[in-house]
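Bear in mind that the values here come from a model prediction, so they are computed numbers and not experimental data.
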Amino acid sequence: LKSEPMPDNGILLPFFYALRAKKVPVGTQEWLYLMEALSQDLAESSLTRFYYLARSVLVKSESLFDAFDQAFVACFKNLETNFDIKEGLI
């Protein structure tokens with residue numbers, strides 16, 4: 001196990017459940033990959049980059065892009081585009 005702290009799931013766990021509700025088959029392994037990517041700052045504290053990172057890690061088929069988008073908007077629609085993802089996770 002790595003000793004680096006993983007991101008807090010305060011705003012992310014509802015996103016996980018929204019994806020599952022929209023029938024996007026997100027498994028534990030994909031979710032852990034996303035958490036690892038966030039802990040390495042691959043989203044670079046950008047909501048837009050987080051969107052593309054999450055979509056590339058969590059969505060297995062282009063046919064699920066619309067469902068992913070619906071879940072993303074439902075969870076992050078009230079956030080500004082310049083939202084610092086790190087601040088939202090702390």
Among all residues two or more places apart in sequence or in another chain, which pass the side-chain hydrogen bond (donor to acceptor under 3.5 Å, both in side chains) test with [X]?
X: Tyr17; result: none
X: Thr28; result: none
X: Gln29; result: Tyr33

Would you name the heavy atoms of Cys75 and Ala18 that are closest together and state the gap between them?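 Between these two residues, the closest heavy atoms are SG-CB, 3.6 Å.
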Could you give the side-chain donor-acceptor pairs of residues 50-59 under 3.5 Å, partners two or more places apart or in another chain?
residue	atom	partner	partner atom	Å
Tyr51	OH	Arg55	NH1	3.3
Tyr51	OH	Asp69	OD1	2.5
Ser56	OG	Tyr52	O	3.2
Ser56	OG	Leu53	O	2.9

Between Leu38 and Leu42, does the side chain to side chain contact (heavy atoms under 4.5 Å, CB included) criterion hold? Intermediate values first, please. CA-CA 6 Å; Leu38 291 175; Leu42 296 182; over 6 Å; no
Output all residues satisfying side chain to side chain contact (heavy atoms under 4.5 Å, CB included) with Ser61, sequence neighbours left out; order by chain, then residue number.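 Only Ser63, Leu64 meet the side chain to side chain contact (heavy atoms under 4.5 Å, CB included) criterion with Ser61.
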In the single-linkage hydrophobic clustering (I, L, V, M, F, W, Y; side-chain heavy atoms under 4.5 Å), do Phe65 and Val73 co-cluster?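 They do not share one cluster, since no chain of ILVMFWY contacts under 4.5 Å joins Phe65 to Val73.
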What is the distance from atom CH2 of Trp31 to atom CG of Leu19, rounded to the nearest 0.5 Å? 6.5 Å
Could you grab the distance from atom CE of Met35 to atom CZ of Phe16, nearest 0.5 Å is fine?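 Going from CE on Met35 over to CZ on Phe16, the span is 9.5 Å.
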Can you list every salt bridge (charged side-chain N to carboxylate O under 4.0 Å, His left out) pair that touches residues 13-28, not counting sequence neighbours?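 For residues 13-28: none.
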Check for a donor-acceptor pair, side chain of Glu30 on one end and backbone N or O of Gly27 on the other, with a separation under 3.5 Å.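 Yes; judged by distance alone, with no hydrogens or angles, the pair exists.
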